[in-house]
Amino acid sequence: AMASGLPVASTRAEGVVEILGDLAESQSAEFGDRVAFGRCLSGLLEDPAAAAALGRANRERVAAKFSWSRSIEQYVRLYRELASGETGAA
């Protein structure tokens, strides 16, 4: 959905906040909180302009953080760290 420029309504399951980043607050709710999830959905449906803006921001975030080239760069960095014995851990 994000790569297609759409807003998201999700629970804050593992990884969701990382993927949504700063946009998580307006597009997600704690798992099991039906009222908050309903507010999330209602907000997207009741304000099409805000939903469209979130969709555009989502697309930009995916392009910047989760593109194939970015993923490859991160894997190459990880493999080099592992091969050298440097993991960045303190």
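All values below come from the heavy atoms of this structure, side chains included, with hydrogens, waters and symmetry mates left out.
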- [ ] Spell out, as yes or no, whether a donor-acceptor pair under 3.5 Å connects the side chain of S84 to the backbone of E81.
- [x] yes
Task: E18: partners by salt bridge (charged side-chain N to carboxylate O under 4.0 Å, His left out), with sequence neighbours left out - done: none
Might you point out which heavy atoms bring [X] and [Y] nearest each other, and give the distance in Å?
X	Y	answer
K65	R70	O-CG, 3.4 Å
N58	P7	ND2-CA, 3.5 Å
C40	S26	SG-O, 3.8 Å
S28	A24	OG-O, 2.6 Å
T11	F37	N-CE1, 4.3 Å

Listing, residues 42-49 side-chain donor-acceptor contacts under 3.5 Å, not counting sequence neighbours, or none:
residue: S42; atom: OG; partner: G38; partner atom: O; Å: 2.9
residue: D47; atom: OD1; partner: A49; partner atom: N; Å: 3.4
residue: D47; atom: OD1; partner: A50; partner atom: N; Å: 3.1

- [ ] Check the surroundings of atom CD in E25: do more than 12 heavy atoms from other residues, nucleotides or ligands lie under 6.0 Å from it?
- [x] no
- [ ] Linking directly or through intermediates, with side-chain heavy atoms under 4.5 Å: list the remaining ILVMFWY members grouped with F66, chain and number order.
- [x] M2, V8, V16, I19, L20, V62
TODO: Answer whether the closest heavy-atom distance between the side chains of S10 and Q27 falls below 4.5 Å.
DONE: no
